[in-house]
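This is the structure I want to talk about, given as structure tokens.
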2 protein chains.
Amino acid sequence: MTLPLKPIRPKRVSDQVYEQLRELIFRGELKPAEQLMPERELAEAMKVSRTTVRNAINKLVVLGLLEHKQGQGTFVRRQEAGDKNVVAMAMESQGASIQDLLEVRMGLECNAAALAARRADEKDVQFLENSLKEMAHAIRSGQLATQADTSFHMAVAYATKNPLQVYIMRNFYDFLFVGIRESLRQLYEVPGHTDLILEQHTTITEAIRAHDELAALEAMRRHITFVVNFFKNR
Amino acid sequence: MTLPLKPIRPKRVSDQVYEQLRELIFRGELKPAEQLMPERELAEAMKVSRTTVRNAINKLVVLGLLEHKQGQGTFVRRQEAGDKNVVAMAMESQGASIQDLLEVRMGLECNAAALAARRADEKDVQFLENSLKEMAHAIRSGQLATQADTSFHMAVAYATKNPLQVYIMRNFYDFLFVGIRESLRQLYEVPGHTDLILEQHTTITEAIRAHDELAALEAMRRHITFVVNFFKNR
DNA sequence: TTTTCTAAATTGGTATGACCATTTTCGAAA
DNA sequence: TTTCGAAAATGGTCATACCAATTTAGAAAA
């Protein structure tokens, strides 16, 4: 007779550091080509040894997320194609269209929004608001808000506290940037569009902050429907 | 005038160790499941520090060639070729749980059910009904209905007419069969469970046949919620 | 002033040595 | 023979020092 005991898995310190750093990169707080803090500073800030920090960084280097340059520092590496990106593979081999992509996103992200509303803490809301500010800034300075867009949706994914959700979402947005960047840009180039999207993002953020699952789901549904309609009329 | 001078690249010591070890593995001198020499011995044998040896080994661990087991040693890992199942990769590398998997499925499949209700033709409904019969047969003959279960959900995916949806769903169910087959079996071993599931599948099929999107979505939601609750109470 | 060179500061890479955490081993005790 | 516990083996972390490559800044030279 086996009792249903949950497995204890004490994580290695270096793995915890690794996860923190990876999160910074995925969330976009550390942008491509940006320099990482020196190892010595990181060690002091996290109250661990430099050895441990180095192990974590090395892991990210091997995975292609970071890049070492002796005498200069460590930098975030923009990951190019050839990453065995699932979405890209499927889109190509299955001959899927942007419409197909958006349909699947509809299911994934609406559910994610509801989960996020259920579990988001102050920190998650903070990240959502940061991406809103980022997009507002992009609007004022007349730049494209694609980066801020990604940050927002990945912040929603993180708020679900579901690693699989994050992983899959990451694949989607990586593809959006390398696969259909040109198509996506047109969405943001229409005057006033970015303002509308910012408004929709804000509504979603409010619902998540209020822990209103249904409202979050509906707001996300309207948001993605808006995008769907844009690509439909072209 | 630039002469074609080849760049001098003084290799890092840890990289040289890495290459030696990798060579041993590739050549088969270190066979799968075999234990590596202890780090301290390797360091002494190669006249380098244990730190350097560890860096090299860690690199091989990240690449999946070696495997660490604290208190036991480091072992050569047999690498399963052509795995690249997204879900399996994510579940392992991100440390996701069955709960996490089901949560993402909730979003994917509820949406899929609605899309299926919108687009399913006679042939799609036929496939759905075939899987129902298959499950009924499994019940009568006292066999496990896991195969019929997969057939049903893949039939829903096909009915969406969305290649990306099919592709991703395929990955999920492939993983269910190789990754958590044992866990999944318990769901079907409880007396009466398979009957309940068949009933739920039937309800979903009816909604899709009637092209009732909302009913299909709700029926799927109840179905997956049922599965979620089963795994929650264990 | 502008250019050039050199020394210092910065930052990743390696070396030691110690100690911690987990697993196995093996001998003593029951 | 079985059971228990201490010791050994082995990977994980820490602290410190020093090496190697690069950048920076200030002095020296033009």
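We name chains A, B, ... by the order of the sequence lines, and we start the count at 1 in each one.
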Could you give the CZ-to-P distance, from A:Arg54 to C:dA15, as a whole number of Å? 12 Å
Evaluate the side chain to side chain contact (heavy atoms under 4.5 Å, CB included) criterion for residues B:Phe75 and B:Glu34: first the C-alpha distance (whole Å), next the side-chain angles of each, then the deciding distance (0.1 Å), finally the verdict. CA-CA 6 Å; B:Phe75 302 83; B:Glu34 190 172 345; over 6 Å; no
Salt bridge or not for A:Arg209 and A:Glu206, using N-O below 4.0 Å?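 Salt bridge: yes.
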For A:Arg12 and C:dT22, what is the distance between atoms CZ and P respectively, to the nearest whole Å?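 So the CZ-P distance, A:Arg12 to C:dT22, works out to 12 Å.
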Using a cutoff of under 3.5 Å, can you pull out all pairs of nitrogen or oxygen atoms linking the protein to nucleotides 15-20 of chain D, with atom names and distances?
| from | atom 1 | to | atom 2 | distance (Å) |
| --- | --- | --- | --- | --- |
| D:dA20 | N3 | A:Gln70 | OE1 | 3.2 |

Does the distance from a Lys or Arg side-chain N to an Asp or Glu carboxylate O, for A:Arg27 and A:Glu19, drop under 4.0 Å?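 Here A:Arg27 does not pair with A:Glu19 in a salt bridge, since their nearest N and O are not under 4.0 Å apart.
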For B:Thr52 and C:dG13, is the shortest distance between a side-chain N/O and OP1 or OP2 below 4.0 Å?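 Result: no.
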Between A:Lys59 and A:Asp15, is there a salt bridge with N-O shorter than 4.0 Å? yes
Hey, would you say the A:His223 and A:Phe152 ring centroids sit under 6.0 Å apart?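 No, ring centres 6.0 Å or more apart.
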Distance check needed: C:dG13 C1' versus B:Asn55 CG, whole Å only.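 B:Asn55 atom CG is separated from C:dG13 atom C1' by 8 Å.
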Which whole-number value in Å describes the distance from A:Gln16 CD to D:dC14 P?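 Taking atom P of D:dC14 as the reference, CD of A:Gln16 is at 10 Å.
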Please write out each protein N/O paired with an N/O of nucleotides 7-9 of chain C under 3.5 Å, distance rounded to 0.1 Å.
none

B:Glu103 with B:Lys232: basic N within carboxylate O range, under 4.0 Å: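 Judged by the 4.0 Å cut-off on N to carboxylate O distance, B:Glu103 and B:Lys232 do not form a salt bridge.
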Within this structure, what is the CD1-to-P distance between B:Ile57 and D:dG12, rounded to whole angstrom?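 Those two atoms, CD1 and P, are 9 Å apart.
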Please report the distance, rounded to the nearest Å, between CD in B:Glu39 and C1' in C:dT23. 15 Å
Without decimals, in angstroms, what is the distance between A:Gln35 CD and C:dT10 P? 13 Å
Atom-to-atom span, NZ of B:Lys69 to P of C:dT24 - whole angstrom: 9 Å
Decide salt bridge (charged side-chain N to carboxylate O under 4.0 Å, His left out) for A:Lys161 and B:Asp100; before the verdict, give the C-alpha distance in whole Å, the side-chain angles of both, and the deciding distance to 0.1 Å. CA-CA 9 Å; A:Lys161 318 286 193 194; B:Asp100 296 323; over 6 Å; no
Residues which pass side-chain contact (heavy atoms from CB on, under 4.5 Å) with A:Val17, listed by chain and number, not counting sequence neighbours: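 If we apply the side-chain contact (heavy atoms from CB on, under 4.5 Å) test to A:Val17, skipping adjacent residues, the hits are A:Leu21, A:Met46, A:Val48, A:Thr52, A:Ala56.
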With ring centroids as reference points, do A:Phe172 and A:His153 lie under 6.0 angstrom apart? no
Minimum-distance nucleotide to B:His68 side chain [options: D:dG12, C:dT23, C:dG12]: D:dG12
Is A:Ser14 close enough to D:dT13 that one of its side-chain N or O atoms is under 4.0 Å from OP1 or OP2 there? yes
Tell me which of A:Gln72 and A:Asp15 sits closer to the 5' end of DNA chain D, going by the nucleotide each one is nearest to. A:Asp15
